[in-house]
Amino acid sequence: MGNYITRRLFQMVLVLILLSFVCYGLMSLMPGDPLDIMISSNPKITSEDIVRLKAVYGLDQPMYMRYWAWLTDILSGDFGYSRTYKVPTTTILVPRLFNTFVLTMTALILSLMISIPIGIISALKKGSKFDYFTNLLAFAGISIPSFFLAIILIIIFAVWLEWFPAGGTESVGEASLTGMAYAKDRIHYLVLPVVSLMVLQIGTFVRYTRSAMMEVLGQDYIRTARAKGIKQNKIVYLHALKNALIPLITVISISFSFIFSGAIITETIFAYQGVGRLVYDSIMGNDYNVAMIAFIISIAMVLIMNLVADILYAVVDPRISYK
Amino acid sequence: MLNGPMVEVKDLKVSFFTKLGEVKAVDGISYQVARGKVMGIVGESGCGKSVSSFSLMGLLSQPGKIVGGEILLDGVNLTNLGNSEYEGVRGNKMAMIFQEPMTALNPVLRIGYQISEQIIKHMGFSKIQAKNRAFELLELVGIPSPQKRFHEYPHQLSGGMKQRAMIAMALSCEPEFLIADEPTTALDVTIQAQILELIQSLQKKLNMTVQFITHDLGVISEIADDVMVMYAGRIVESGSCHEIFQNPRHPYTIGLINSLPKLGTRVDELYTIPGSVPGPLELGQGCAYYNRCSKASEKCLMERPQLTGDKSKVACFFPEDHGGIN
């Protein structure tokens, strides 16, 4: 097992470097570079200046040379400056990543806490009114476009009822807030975007849990457990759930790999200071340094969660072992 | 009640309520299993033999339902029991071995856990006591190095070993009544013989009452004291094992016995009963075997024969008297 994990980690680094090259290449394929924007906004600039500036920033070099320079800098711990915000990349990125993490993680964990029990009950009461009702809601949740839902939530809870703010991350000008008061303020702003993210996730997880549980509950070994006189609760939550977890691990770990990627539509509509909108703006503004780091983090999360899923399979299912 | 039969089934009716209508899987069967005896139930697939056993265990799942009759285990009517009372009987006084050892064990739980679980529940043992009991049981059913097997998972055991583990599980709380539902069908022939021998020796050793279900007449003739033959949800013939094999009276039983290959004689073609079992929804008011029977008359089409007789019973208007085996 230890061997296997080491091998996988080594592969992950390779994949990460390879994909970072691909991302860098794609970014450089976009029309223009940071200087072009500067040039077009300054009519007095001469062509000598342009050549000199391009040389200073290394923009006259071929793509792979620029990539190499970027890679060596990154590996030496230099993440560079954000071109649009004029601050070190980490200064702008870290708080945004934290905000996104708070948003998506809250939504994800609450969704799982709600949808897994509902999915189990729904599978146990297959064909009941409860089952039909949850199915209906689950499909509604999956089908409703997130921008539409977000707007509806804003109209109802922010405009009509005025329970929650229509957008933002925290109260502006209240920097003195600390401790519980600060947390309360943040939560106030989090509620609507979290609910908007949860609706889709709950729908998806309920469907997955229900089908996984239904499949397992029809298996012979469940009948064996019943024949042994084991209590229904123990059959459901031990004998059945442990088997149903195997397919669920895949779905859940994929969801966890997006906790740092940002939910661009939700973040934009709720004016939430997350990483999704930042990355979008960075790509559009040729802000290589910010965009690249965000890409790397997203890619790394997918790779890491895949490894976590594979390890969890082996933990839950004794038939799976790695050498 | 110590002198009465271990199990008494009275006019048991089980139906499945499907979209096509009510399917009568078991249609009014009555029988008794005497203490310490082995009752064999024979019949083709779909004749209701497994469904009747599941009803005894209270394991019928939707849309199946007991619609009538009584099941008495040691004088206690099981059909009246609540869920938790039934849980106290299942795996304790009454246990079951299933057909498919490959799928009947939970793949993600250790063999040891699956055996000790019910020992802890029904016998009130501590974990360590249950573990020791599980070692004994694994030894009893002939699993070598039980200490090692205790910690293994089902996929690490062969098919025969799995069925042995299933038997250990079923016997763990010393059940007085054991239902074996085609326990050897999924195994290859040499393993079949071993498992059969094991069940037989354990039955004698522990003086269990056994209900043994199979479609294999060879197996039945070896293990059963009494036999009942089922067809389309009803009992068509019952009696002692010797009687049924030496002097079968129902045309269906005769057909079954005739379709067995005989050792030492070569035939070009094995005998088969013509036609096939009618679907439960196709049954009319007459004898269910009507469309396949050589002796069928108009009476058989109009009226359903009842199971009659003293020691050996038969449900046929024109039973054979001297055995029609050729």
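More than 12 heavy atoms of other residues, nucleotides or ligands shown are found within 6.0 angstrom of CZ on Phe130(A). Within 6.0 Å of OH on Tyr208(A) lie no more than 12 heavy atoms contributed by other residues, nucleotides or ligands. Atom CG of Leu14(A) has more than 12 neighbouring heavy atoms from other residues, nucleotides or ligands inside a 6.0 Å radius. Environment of OH in Tyr322(A): crowded, with over 12 heavy atoms of neighbouring residues, nucleotides or ligands closer than 6.0 Å.
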Residue pair Asp220(A), Phe98(B): steps toward the side chain to side chain contact (heavy atoms under 4.5 Å, CB included) verdict: CA-CA 9 Å; Asp220(A) 285 354; Phe98(B) 296 95; over 6 Å; no

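Smallest separation of non-hydrogen atoms from Leu59(B) and Arg226(A): CD2-CB, 3.5 Å. When all heavy atoms of Pro107(B) and Pro318(A) are compared, the pair lying nearest together is O-CG, 3.2 Å. Between Lys228(A) and Gln114(B), the closest heavy-atom pair is NZ-O, 2.6 Å.
Between the Arg319(A) side chain and the His155(B) main chain, no donor and acceptor come within less than 3.5 Å of each other. Side chain of Asn106(B) to backbone of His239(A): a donor-acceptor contact under 3.5 angstrom is found.
Between chain B and the options Ile246(A), Ile222(A), Leu238(A), Val316(A), heavy-atom pairs under 4.5 Å are most frequent for Leu238(A). Of the residues considered (Lys121(B), Met166(B), Met102(B)), Lys121(B) shows the highest number of contacts with chain A, using heavy-atom pairs under 4.5 Å. Options Gly218(A), Ala240(A), Ala227(A) differ in how many heavy-atom pairs under 4.5 Å they form with chain B, and the most are formed by Ala227(A). Looking only at heavy-atom pairs under 4.5 Å with chain B, the residue among Lys231(A), Lys242(A), Arg223(A) that has the most is Arg223(A).
Of the atoms belonging to Ala95(B), not a single heavy atom falls under 4.5 Å from chain A. No part of Tyr86(B) comes within reach of chain A, as not one of its non-hydrogen atoms sits under 4.5 angstrom from that chain. Neither the backbone nor the side chain of Asn92(B) comes within less than 4.5 Å of any heavy atom of chain A. Contacts of Met169(B) with chain A are made by side-chain atoms alone, with heavy-atom separations under 4.5 Å and no backbone atom involved.
Using a cut-off of 4.0 Å between Lys/Arg side-chain N and Asp/Glu carboxylate O, Lys234(A) and Glu117(B) are scored as salt-bridged.
Among the residues in residues 98-129 of chain A, none has a non-hydrogen atom closer than 4.5 angstrom to a non-hydrogen atom of chain B.
Atom CD1 of Ile97(B) sits about 11.5 Å away from atom OG1 of Thr224(A), to the nearest 0.5 Å.
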